[in-house]
Number of protein chains: 2
Amino acid sequence: MYQFLYPMEQTNSEFLRGTLKTIVLNLLANRERMYGYEITQAVKERTQGQLLLTFGALYPILHKLEQEGLLMTESVEVDGRTRKYYALTPSGTETAQQKVSEFERFVEMMRSLLQSPTLALTK
Amino acid sequence: MYQFLYPMEQTNSEFLRGTLKTIVLNLLANRERMYGYEITQAVKERTQGQLLLTFGALYPILHKLEQEGLLMTESVEVDGRTRKYYALTPSGTETAQQKVSEFERFVEMMRSLLQSPTLALTK
DNA sequence: ATATATGTATAAGATTCTTATATATAAAAA
DNA sequence: TTTTTATATATAAGAATCTTATACATATAT
């Protein structure tokens, strides 16, 4: 009945800015192919409802990634409606991996900026 | 002569989007008060030249944080030029700490989205 | 004399996201 | 049986956030 036993706090954190492409590419890296609605549901599940990726944000991203040659599409007719599948191209697979490394590097950089110097001997 | 022995790779990563306020607030949390130019230099040093915070990004942030009551300013005349110091208000100190927690939560959320399900038993 | 370092600040433009809206079918609940 | 919820793709207006360019000004090093 209820999807979550406890209401989850939603993070529409400003930190998300600039991470959505990376999220989409990496979800696709794990699942062969997905369609838009499926991606929003996967994001919701994996974050326990913390992150709700909206269509207004998702579709422009999908279209841009396709245009950049990182995704390829395949349209399938289901129940009289067109379902559009997205899958990584070889170039997209490579980019997905690069983004993860870049993210880890970014996190380390942020930590060096956020930690207090008394704890870290920064001079 | 050379500030860095090895040329550092610059990260003007898209991940930075939305993190600059957090960075500025936390630099100020460690140093009593700082002026704009000093902040750009501190960012450069702490990240070994990886992140170069430009003035075009910094000043609008400082002004906005002041307007929100998170920073207070003090102008000092040095060599015929006005140097404007920024310091955290009590509210700014609180926000700085909150941002760090929020960032750590964000990183965990990102990891749950970026990791491959074969490694992580996601379902 | 020229370049580099120090210093504050605005403005035009690009990118990225949020919120609102449009369209449409199927299943479940009231 | 009517309404709500879930499923499905997509655009557009607007807000927020950064990048790049520019303006102004002094001091020091080359």
Side-chain angles (χ1 to χ4, degrees), chain A residues 1-4 10-25 33-45 49 51-68 71 73-86 99 106 110, chain B residues 1-4 10-25 33-45 49 51-68 71 73-86 99 106 110:
Chain A
M1 194 68 86
Y2 294 107
Q3 186 159 16
F4 309 111
Q10 204 190 324
T11 301
N12 263 18
S13 158
E14 58 201 349
F15 297 123
L16 262 322
R17 290 202 146 263
T19 64
L20 298 187
K21 267 188 201 171
T22 301
I23 290 171
V24 169
L25 286 174
R33 68 178 196 174
M34 297 175 89
Y35 52 97
Y37 185 84
E38 193 182 7
I39 292 174
T40 65
Q41 297 307 302
V43 166
K44 195 173 164 186
E45 282 167 29
L51 175 56
L52 302 178
L53 180 54
T54 60
F55 301 118
L58 178 61
Y59 286 112
I61 286 171
L62 288 174
H63 299 155
K64 187 155 194 206
L65 291 175
E66 185 185 2
Q67 185 192 307
E68 288 171 358
L71 298 183
T73 62
E74 194 182 346
S75 289
V76 177
E77 207 71 21
V78 179
D79 294 318
R81 278 170 297 184
T82 301
R83 179 182 290 175
K84 203 164 167 188
Y85 281 100
Y86 295 85
K99 293 278 187 188
F106 158 73
M110 280 298 284
Chain B
M1 196 64 87
Y2 294 107
Q3 187 158 16
F4 309 111
Q10 204 190 325
T11 300
N12 265 16
S13 158
E14 58 201 351
F15 296 122
L16 263 322
R17 291 201 144 263
T19 64
L20 299 188
K21 268 189 200 170
T22 300
I23 291 171
V24 169
L25 285 174
R33 69 178 195 173
M34 298 175 88
Y35 52 98
Y37 185 84
E38 192 182 8
I39 292 174
T40 65
Q41 297 307 302
V43 166
K44 194 172 163 186
E45 280 168 29
L51 175 57
L52 302 178
L53 180 54
T54 59
F55 302 118
L58 178 61
Y59 286 112
I61 286 171
L62 288 173
H63 299 156
K64 188 158 194 204
L65 291 175
E66 185 186 2
Q67 184 192 308
E68 289 171 357
L71 297 184
T73 62
E74 197 182 344
S75 289
V76 177
E77 208 71 20
V78 179
D79 294 319
R81 279 169 297 183
T82 301
R83 179 183 289 176
K84 203 165 167 187
Y85 281 100
Y86 295 86
K99 294 276 187 190
F106 158 74
M110 280 298 284

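Numbered from 1 within each chain, the chains take letters A, B, ... in sequence-line order.
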Whole angstrom value for the distance that separates C1' of D:dA6 from CD of A:Glu45: 14 Å
Rounding to an integer number of Å, can you tell me how far B:Glu74 CD sits from C:dG7 P? 16 Å
Would you tell me if any nitrogen or oxygen in the side chain of A:His63 comes within less than 4.0 Å of OP1 or OP2 on D:dT11? yes
Would you mind telling me which residue lines up with the more 5' stretch of DNA chain C, B:Glu38 or A:Leu58, judged by nearest nucleotide? B:Glu38
Please evaluate the base of D:dT9 for a donor-acceptor partner in the side chain of A:Arg83 within a cut-off of under 3.5 Å? no
Once you apply a heavy-atom cut-off of 4.0 Å, does A:Tyr35 come out as touching a base, just sugar-phosphate, or nothing? sugar-phosphate
What is the ring orientation for A:Tyr37 with A:Phe55, classed by angle as parallel under 30°, tilted 30 to 60°, or perpendicular over 60°? parallel
What pair of heavy atoms forms the shortest contact from B:Ala57 to B:Pro60, and how long is it? O-CD, 3.6 Å
Side chain of B:Lys84: nearest nucleotide among D:dT19, C:dA5, C:dA9? C:dA9
Roughly how far, to the nearest 0.5 Å, is CE of B:Met34 from CG of B:Leu71? 12.0 Å
Assert: residue with more 5' nearest nucleotide on DNA chain D, out of B:Gly56 and A:Tyr85, is A:Tyr85
Between CD of B:Glu66 and P of C:dT8 the distance, given in whole Å, is 13 Å
B:Tyr59 has an atom OH; how far is it from atom P of C:dA9, in whole Å? 6 Å
Starting at CD of A:Gln41 and ending at P of D:dT5, how long is that distance when rounded to a whole Å? 15 Å
By nearest nucleotide on DNA chain C, pick out whichever of B:Phe55 and A:Ile61 is the more 5' one. B:Phe55
Supply the atom-to-atom distance A:Glu45 CD to A:Thr40 OG1, rounded to the nearest 0.5 angstrom. 9.5 Å
Nucleotide D:dT20, atom P - distance to CG of B:Leu52 in whole Å: 11 Å
Side-chain heavy-atom pair A:Ile23, A:Leu20 within 4.5 angstrom cut-off: yes
The side chain of B:Tyr37 lies closest to which of these nucleotides: C:dA5, C:dT18, D:dA6? C:dA5
Output the rounded distance in Å from CG (B:Leu53) to P (C:dT8). 12 Å
Does B:Thr19 reach the side chain of A:Phe106, with side-chain heavy atoms less than 4.5 Å apart? yes
Could you state the atom-to-atom distance from CG of B:Leu62 to P of C:dA9 in whole Å? 8 Å
What N/O pairs connect the protein and nucleotides 14-17 of chain D at under 3.5 Å? Give each pair on its own line.
residue: D:dT17; atom: OP2; partner: B:Lys64; partner atom: NZ; Å: 3.1

Identify the heavy atoms of B:Leu62 and B:Gly36 that sit nearest to each other, and give their distance. CD1-CA, 4.3 Å
